[in-house]
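Presented below is the structure to which this report refers.
Worth knowing before you read on, the calculation uses all heavy atoms, side chains too, and leaves out hydrogens, waters and symmetry mates.
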Amino acid sequence: MQEKEEELTLEEAFTRLDEMLERLEDRELPLEESFQLYQQGMELLKHCNEKIDTVEKKILIMNGDGGLDEF
């Protein structure tokens with residue numbers, strides 16, 4: 001991968017995952033390359049899960065006083 005996963009937004013990571021899936025669907029893709037793409041995809045999924053967890057922790061909810069509390 002050219003960019004570090006930490007620098008990717010969720011949208012960019014999802015786009016990369018879509019591209020990887022398209023390549024994996026190619027019946028002419030060598031087995032070794034398939035395994036490499038699979039490994040990269042799993043790393044991207046892990047990155048996405050970590051980003052989503054971070055966002056969930058930052059979600060704010062409004063309390064009864066009109067202030068904001070962390071979720």
Side-chain angles (χ1 to χ4, degrees):
M1 264 178 253
Q2 298 166 343
E3 294 179 57
K4 289 188 174 187
E5 291 171 9
E6 295 83 32
E7 298 172 2
L8 292 176
T9 65
L10 280 172
E11 292 80 9
E12 291 168 333
F14 289 143
T15 298
R16 290 242 177 114
L17 286 167
D18 283 339
E19 291 168 356
M20 288 177 179
L21 284 173
E22 285 180 26
R23 289 181 61 200
L24 285 168
E25 290 174 351
D26 181 359
R27 293 180 184 258
E28 302 296 319
L29 187 68
L31 186 58
E32 286 185 21
E33 192 173 340
S34 295
F35 284 131
Q36 185 178 33
L37 281 172
Y38 176 80
Q39 182 179 11
Q40 290 173 356
M42 293 306 291
E43 290 170 9
L44 272 175
L45 285 173
K46 180 181 174 187
H47 165 73
C48 291
N49 283 331
E50 290 170 357
K51 283 264 192 187
I52 290 169
D53 287 345
T54 301
V55 169
E56 285 177 345
K57 290 176 184 172
K58 291 182 179 181
I59 292 176
L60 299 176
I61 55 172
M62 190 172 293
N63 63 27
D65 299 328
L68 297 175
D69 295 327
E70 286 195 37
F71 179 67

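The shortest side-chain heavy-atom distance between L37 and Q40 falls under the 4.5 Å cut-off. Inter-residue side-chain proximity for Y38 and M42 is flagged as met; some heavy-atom pair is nearer than 4.5 Å.
Across K51 and L8, no two heavy atoms sit closer than the pair CE-O, 3.3 Å. Shortest non-hydrogen contact noted between L17 and G41 is CD2-O, 3.6 Å.
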Show me the donor-acceptor pairs, under 3.5 Å and distance only, between side chains in residues 19-33 and residues at least two apart or in other chains.
residue, atom, partner, partner atom, Å
R23, NH2, E33, OE2, 2.2
D26, OD1, E28, N, 2.9

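Once rounded to the nearest 0.5 Å, the distance linking SG of C48 with CD of E43 reads 12.0 Å. Summarising the geometry, atom CG belonging to N49 is positioned 11.0 Å from atom CG belonging to L44; distances are rounded to the nearest 0.5 Å.
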